[in-house]
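The structure appears right after this line, and notes come after that.
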Amino acid sequence: MAKNLIDWAAGQHAWVSDSLRRIAMAADHVIGDEDVETILANVRAAAREAVANDGDLRPLDTSHLGSISTDSRRTILAQLGPV
């Protein structure tokens with residue numbers, strides 16, 4: 001059964017959905033150093049079964065997937081592997 005991205009992200013750990021939100025909201029879907037560090041901290045915390053900065057984790061929702069102009073590059077998520 002196919003799921004759309006929002007439904008799929010809602011069933012994932014908070015750090016996964018937050019990471020997708022950060023990527024979706026970034027210009028040209030290229031995240032900055034601060035977001036990279038936050039994502040890495042959240043992945044490491046999840047590996048320790050803890051949540052780093054839990055208050056900073058916000059799930060991906062439809063408002064983060066606004067229309068994309070034809071002048072912007074698009075990112076296509078083909079697969080997420082084991083983390």
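Note that the structure is predicted; figures quoted are calculated from it, not measured.
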Any chance you could measure [X], atom [atom1], to [Y], atom [atom2], to the nearest 0.5 Å?
X     : Y     : atom1 : atom2 : result
Asp35 : Asn42 : CG    : CG    : 10.5 Å
Ser17 : Leu5  : OG    : CG    : 8.5 Å
Gln12 : Leu20 : CD    : CG    : 8.5 Å

Test side chain to side chain donor-acceptor pair (under 3.5 Å) applied to Asp18 - qualifying residues, sequence neighbours left out: Arg21, Arg22
Nearest heavy atoms of Ile39 and Ile31, plus distance in Å: CD1-CD1, 3.6 Å
Within one Ile-Leu-Val-Met-Phe-Trp-Tyr cluster: Met25 and Leu40, side-chain cutoff 4.5 Å: no
Beyond-backbone contact of Thr38 with Trp15, side-chain heavy atoms, under 4.5 angstrom: no
